[in-house]
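Right, one structure below, let's go through it.
Quantities reported herein were computed from a predicted structural model and do not represent experimental measurements.
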Amino acid sequence: MAYLKRWPHTPNSSGLAKWRAARATAASAPIDVFYYGNSLTQDGGSPTRFIQGGYPSHVGNWMNAKLGKQHGQGFDCARVTGGDLHWTYTDNSGQFATYNPSGGAYTPGVSGHLGGFGLWACALVPTDVMTYTNVMDRFDILYIKTKTFGTTIEVRIDGALQGSFNTQDASQTGTTINNWDASNTWTSAALTNGSHTVTLTNTGSGSNVAYIEGIFVYNTNYDTGFRIWNGAHSAYWGAYQQGSPNSYDIIKKRQPALVIWGHFFNDKNTGNNSAYGTAAADFISKVRAYSPNTDILLTTEWQCPGWSSSAATYTDMRNAALYIGAINGIGVIDLGEFIESVGYNGAYTDPFKWLKADGTHQGSADSFLQWAKIHYAYLNDMKPPSRPQGY
């Protein structure tokens, strides 16, 4: 079977009407797509993948190529240790006050665990410096405003001062957890397309800390084209997202054309199909409240050989996704329809060598490409690709 005649399991495809209308304007306007998910969407949980790369970056490159444009790195959250990073951190103060630098799970209610889109953030303390180098022709810095303890951040490009922004906002409701304003933006002027180094310096003193969410790197797609924002987070389950309302601030402010939700599947040992349904329904209701013109997609994952037999079955989880999609009038990218178990048929085999040794995450370039091909086809109303395993 080279191709299926239609996409399976796409309940109420009219639910993507707003996405299709926005997609048609990409040659004259910028179109934002947000991915929320776990490590399989982030980068396969692999330090050999660019942080916030993974398969969505391929989708962005292909979407823009149709317009003769490029996508580039896209969103890079502000992590300063661990993995294959673009950010570096210069510790001048001796405090090195970074939140969650190495990728541990966000914990709602814990002091200092501020996070916006993607949940990672870097606490830039006075006199310390963050730098970022990549190919770009413009960029946005995303940062968090707090009621007190904010500071002024100077922005330099290739060593030259370009401007500053202040992260303190007395109008915020308080200083306790979840009382802050995430995903504020400082936007650079247009740059010559090429490699540039961005430097952020905290000019304050004492307890004047700035929380930096990350950078979005544009590469010919600032004014027109597609911008794929990958806000996936390793160990980022639906329950964590529900406990971090500020992860939705970017939806309120950017009003994206589409959001794609890919949680829970490989982390199902932390929950079950009922927990999945509850978290997905919560996500859908929040997106619709914050951005009524945003369309929503759910995406499944492949069946992981390492799944515990005591947890919900893959069929249970998949059926929960299809049910939530159907009752909410949204589509489901049913990746499991094309890539079923990657190597477990009574024994762990992984014939395509797509998995890491953990039996869960993508471990090869081809495994990322297979996911990207399926997402790209769905987002463009194309025939789905042939099933990689020849089903």
Side-chain angles (χ1 to χ4, degrees), residues 9 11-12 15-16 18-19 32-42 56 105-110 113-121 144 173 176-183 213 229-301 311-312 316-335:
H9 307 310
N12 298 311
L16 291 176
K18 287 175 281 194
W19 157 248
D32 288 315
V33 177
F34 293 167
Y35 272 88
Y36 286 80
N38 53 33
S39 55
L40 276 74
T41 297
Q42 175 202 313
Y106 168 85
T107 305
V110 174
H113 281 210
L114 275 66
F117 184 60
L119 292 184
W120 273 304
I144 296 170
T173 56
T176 58
I177 196 73
N178 289 336
N179 287 320
W180 68 86
D181 178 30
S183 298
E213 290 177 64
W229 295 71
N230 191 345
H233 184 307
S234 178
Y236 180 3
W237 308 321
Y240 287 132
Q241 181 183 299
Q242 286 178 283
S244 177
N246 298 94
S247 67
Y248 297 97
D249 284 359
I250 194 169
I251 292 178
K252 301 174 190 176
K253 294 174 180 179
R254 297 260 175 178
Q255 302 287 296
L258 181 69
V259 296
I260 301 172
W261 195 79
H263 288 300
F264 257 106
F265 269 73
N266 77 314
D267 297 310
K268 73 184 185 66
N269 290 326
T270 67
N272 51 46
N273 55 321
S274 176
Y276 173 89
T278 299
D282 178 77
F283 178 81
I284 293 165
S285 66
K286 282 186 169 67
V287 172
R288 285 178 166 169
Y290 298 150
S291 183
N293 290 320
T294 295
D295 276 340
I296 305 168
L297 279 172
L298 305 183
T299 180
T300 69
E301 296 173 354
D316 290 338
M317 299 293 288
R318 186 173 162 193
N319 286 342
L322 300 176
Y323 174 73
I324 290 294
I327 64 173
N328 287 281
I330 63 176
V332 179
I333 302 178
D334 189 7
L335 188 140

- What residues form a side chain to side chain donor-acceptor pair (under 3.5 Å) with Thr294, not counting sequence neighbours? Ser291
- Query: Does the side chain of Thr299 reach to within under 4.5 Å of the side chain of Tyr35, using non-hydrogen atoms?
  - Reply: no
- Task: Check whether any side-chain heavy atom of Trp261 lies under 4.5 Å from a side-chain heavy atom of Val287, and answer yes or no.
- Result: no
- Go through Asp334 and Arg318 one step at a time and tell me if the side-chain contact (heavy atoms from CB on, under 4.5 Å) criterion holds. CA-CA 8 Å; Asp334 189 7; Arg318 186 173 162 193; 3.0 Å; yes
- Say whether, by atom type as modelled, one donor and one acceptor occur between the side chain of Asn246 and the main chain of Trp180 under 3.5 angstrom. yes
- Would you call Glu213 and Ile250 a side-chain contact if the rule is heavy atoms closer than 4.5 Å? no
- Query: Quick check: does any side chain N or O of Asn230 sit under 3.5 Å from a backbone N or O of Thr41, one acting as donor and the other as acceptor?
  - Reply: yes
- In terms of heavy-atom contacts, Ala280 and Ile324 come closest through CB-CG2, 4.0 Å
- Query: Would you call the rings of Phe117 and Phe34 parallel, tilted or perpendicular, where under 30° means parallel and over 60° means perpendicular?
  - Reply: tilted
- Donor-acceptor pair, side chain of Tyr36 and main chain of Ser247, under 3.5 angstrom: yes
- Atom CD1 of Ile260 and atom CG of Leu298: how far apart are they, to the nearest 0.5 Å? 10.0 Å
- Note on the structure: When every non-hydrogen atom of Gln255 is compared with those of Pro292, the smallest separation belongs to OE1-CD, 4.4 Å
- Query: Residues two or more places apart in sequence or in another chain: which of them pass ring-ring contact (aromatic ring centres under 6.0 Å, His included) with Trp19?
  - Reply: none
- Item | 4.5 Å side-chain heavy-atom contact, Leu322 and Thr300 | no
- Would you please test Arg288 and Asn328 for side-chain contact (heavy atoms from CB on, under 4.5 Å) and show each step? CA-CA 11 Å; Arg288 285 178 166 169; Asn328 287 281; 3.9 Å; yes
- Query: Under the side chain to side chain contact (heavy atoms under 4.5 Å, CB included) test, which residues partner Tyr290, sequence neighbours left out?
  - Reply: Tyr248, Ile251, Lys252, Lys286
- Query: Between Asp249 and Ile144, is any pair of side-chain heavy atoms under 4.5 Å apart?
  - Reply: no
- Evaluate the criterion side-chain contact (heavy atoms from CB on, under 4.5 Å) for residue pair Arg254 and Trp229; output intermediate values, then yes/no. CA-CA 11 Å; Arg254 297 260 175 178; Trp229 295 71; 3.5 Å; yes
- Atom of Ala320, atom of Tyr276 and distance for their closest heavy-atom approach: CB-CD2, 3.8 Å
- Message: If you compare all heavy atoms of Asn38 against all heavy atoms of Glu301, which two are closest, and at what distance to 0.1 Å?
- Response: OD1-OE2, 3.1 Å
